[in-house]
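Have a look at the structure below before the remarks.
From a predicted model like this one, the values you see are computed outputs, not experimental measurements. Order of the sequence lines sets the chain letters (A, B, ...), proteins ahead of strands, with each chain counted from 1.
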There are 2 protein chains.
Amino acid sequence: MEDATGGALRADARRNRERLLVAAHAVFSERGADASLNDVAKRAEVGIGTLYRHFESREALLAATCDEQLLTLAKQSRERSEALPPLEALRVFLAELVHSAGMYKGLAASLGIVLKNHTKGCDATTAEGQRLLETAQRAGEVRGDILLDDVVCMAMAISLAAAEDGADPKRVPRLTGMFFDGLRSRPEPRGARHR
Amino acid sequence: MEDATGGALRADARRNRERLLVAAHAVFSERGADASLNDVAKRAEVGIGTLYRHFESREALLAATCDEQLLTLAKQSRERSEALPPLEALRVFLAELVHSAGMYKGLAASLGIVLKNHTKGCDATTAEGQRLLETAQRAGEVRGDILLDDVVCMAMAISLAAAEDGADPKRVPRLTGMFFDGLRSRPEPRGARHR
DNA sequence: TGCGAAACGGAGGATAGCTCCGTATTTAAC
DNA sequence: GTTAAATACGGAGCTATCCTCCGTTTCGCA
């Protein structure tokens, strides 16, 4: 895991941490989530040792880099959801999660891991997702057997599928919509077999 | 791509190719699809150069290793589907595809690539999937806007999600069922009618 | 200003991927 | 059976990346 953001870091340490996060975002955006960490360090004009002191693994760096984005996602979702019906709120949340997972090519494969890091953004996002899901389930709009982890996995998976080279750009909305239909409580389609 | 299976290989070459495929299956099963290719060569008691001569990339080796399995999948599906309604045939096909993708840990992430290699098994599987999908669509059971690639992607994605450490073992059937519900033609949104 | 703690940098060991080419084996012609 | 060309083999070694370790530098407090 990475250093606590609010910790009592020395001024140079805090500056370097900031530079690393900026560089990581740039490099991951350009070259994907499996880019060389040496490149990240170079871009930040910092030694590789410094990178590893601040972020003990690629996952930790990824998690920290995504953290702010996730915080924003959670916050916006909370605000928006007040004015939306439960199902719709969940739908938008799912769409944004898919989008987030596609932020860096290859991120999706590690997003599950990322979301298990207990940084602020991750916790906020999972809490918000949980809330939306439960609300929609209590309203009878979504199947009761679904777990938040399922939703996260599928968001990640759809994003991953979309990242394939030469993929149809319509694929993401198509798959997202399809998955979403599957989430919904079915009006007891008789003869439809159970899963 | 790998050597043509039926080609006029020298006897020693054919023997080594066989050994490599056996070793690859063993190593990938034990250590996942990103296992060291050096290990595969060692297990086959063959030089690493020989491995690369026969299979120019990890994907080619994976594709060849999966090929037979895919051939079987396609053949069984074709036989089975004669006795099943279109939707059910497609459902079983999807389930088996998910299962195949989970054959080696981490394979799912490359299965899309694997299925684009034009080996016999891959071609057979995509042809069969296409046939099942079109049949179900013509019967009005499945949304018309779905492409086979979507189905393949989701199968791969579900398998990937399931491979996560500590995942709920019920997740695969749950997600598969959900996705499948999403595939189906909807009988006029919610509550309207049922079938 | 001086000193201890904190942080820095990057050399270099470890590991994996992949290429290259000298050597060995096979095959077919004679 | 001999021989020569074609084919295939093996693995050393080059490259690239990851990550650790430790001598050096910077910071900040007194």
Side-chain angles (χ1 to χ4, degrees), chain A residues 1-24 26-28 30-65 104-107 109-110 113, chain B residues 1-24 26-28 30-65 104-107 109-110 113:
Chain A
M1 189 76 47
E2 82 283 18
D3 298 343
T5 304
L9 288 177
R10 234 170 64 174
D12 52 347
R14 180 182 295 276
R15 179 175 43 80
N16 281 334
R17 188 175 192 284
E18 221 36 63
R19 294 170 71 91
L20 278 166
L21 286 174
V22 171
V27 171
F28 288 149
E30 280 169 25
R31 305 220 254 276
D34 58 351
S36 158
L37 295 190
N38 275 304
D39 288 352
V40 173
K42 250 175 236 156
R43 169 86 71 129
E45 295 177 291
V46 142
I48 184 67
T50 298
L51 185 152
Y52 278 98
R53 196 169 322 102
H54 283 289
F55 306 98
E56 70 176 14
S57 65
R58 176 183 302 277
E59 278 69 39
L61 179 55
L62 269 175
T65 308
Y104 317 130
K105 178 166 168 296
L107 172 62
S110 357
I113 296 165
Chain B
M1 188 75 45
E2 83 281 18
D3 297 344
T5 304
L9 288 178
R10 231 170 67 174
D12 53 347
R14 182 182 294 276
R15 180 177 40 81
N16 281 333
R17 189 176 191 281
E18 221 38 61
R19 296 169 71 91
L20 278 165
L21 285 174
V22 172
V27 172
F28 288 149
E30 280 169 25
R31 305 221 253 276
D34 58 351
S36 158
L37 295 192
N38 276 302
D39 287 353
V40 173
K42 250 175 237 158
R43 169 88 72 133
E45 295 177 290
V46 142
I48 184 67
T50 298
L51 186 152
Y52 278 99
R53 196 168 324 100
H54 284 288
F55 306 98
E56 70 176 15
S57 64
R58 176 183 301 278
E59 279 69 39
L61 179 55
L62 270 175
T65 307
Y104 316 130
K105 178 165 167 296
L107 172 63
S110 357
I113 296 165

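- Between B:Thr50 and D:dG10, a side-chain N or O to OP1/OP2 separation shorter than 4.0 Å is present.
- The B:Asn38 side chain lies nearest to C:dA16 when the options are C:dA16, D:dG10, C:dT27.
- Considering only side-chain N and O atoms, A:His54 lies under 4.0 angstrom from the phosphate OP1 or OP2 of C:dC8.
- Atom C1' of nucleotide C:dG9 and atom CZ of A:Arg19 are separated by 14 Å, given to the nearest angstrom.
- Take the nearest nucleotide of DNA chain C for B:Arg15 and for B:Asp39: the residue whose nucleotide is more 5' is B:Asp39.
- Straight-line distance from the NZ atom of B:Lys42 to the P atom of D:dC9: 19 Å, rounded to whole Å.
- Rounded to whole angstrom, the span from the CD1 atom of B:Ile48 across to the P atom of D:dA8 amounts to 18 Å.
- Between B:Asp34 atom CG and D:dT17 atom P there is a gap of 18 Å when expressed in whole angstrom units.
- Using a 4.0 Å cut-off, some side-chain N or O of A:Ser36 falls inside it from OP1 or OP2 of D:dC18.
- Of all heavy-atom pairs between B:Ala13 and B:Leu9, the closest is CB-CB, 4.2 Å.
- Straight-line distance from the CZ atom of A:Arg14 to the P atom of D:dG28: 11 Å, rounded to whole Å.
- Rounding to the nearest 0.5 Å gives a distance of 6.0 Å between CZ of B:Phe28 and CG of B:Leu37.
- Whole-Å rounding puts the B:Arg17 CZ to D:dC9 P distance at 12 Å.
- Taking the nucleotide of DNA chain D with the nearest heavy atom to each of B:Arg10 and B:Glu45, the more 5' of the two is matched to B:Arg10.
- Taking atom CZ of A:Phe55 as the reference point, atom P of C:dC8 lies 11 Å away to the nearest angstrom.
- B:Arg58 places a side-chain N or O within donor-acceptor distance of the main-chain N or O of B:Ala33, the cut-off being under 3.5 Å.
- Residue A:Asp12 is classed as a sugar-phosphate contact, given heavy-atom separations below 4.0 Å to backbone atoms only.
- Put simply, A:Asn16 has no side-chain N or O that comes within less than 4.0 Å of OP1 or OP2 on C:dA7.
- Put simply, CZ on A:Arg58 is 14 Å from P on D:dT20, counting in whole angstrom units.
- The nucleotide whose nearest atom lies closest to any side-chain atom of B:Arg53 is, among D:dC18, D:dG11, D:dC9, D:dC9.
- B:Arg43 contributes no side-chain N or O that, together with a main-chain N or O of B:Val22, makes up a donor-acceptor pair within less than 3.5 Å.
- Remark on DNA chain C: of its neighbouring residues B:Ala11 and B:Gly49, the 5'-side contact belongs to B:Gly49, judged by nearest-heavy-atom nucleotide.
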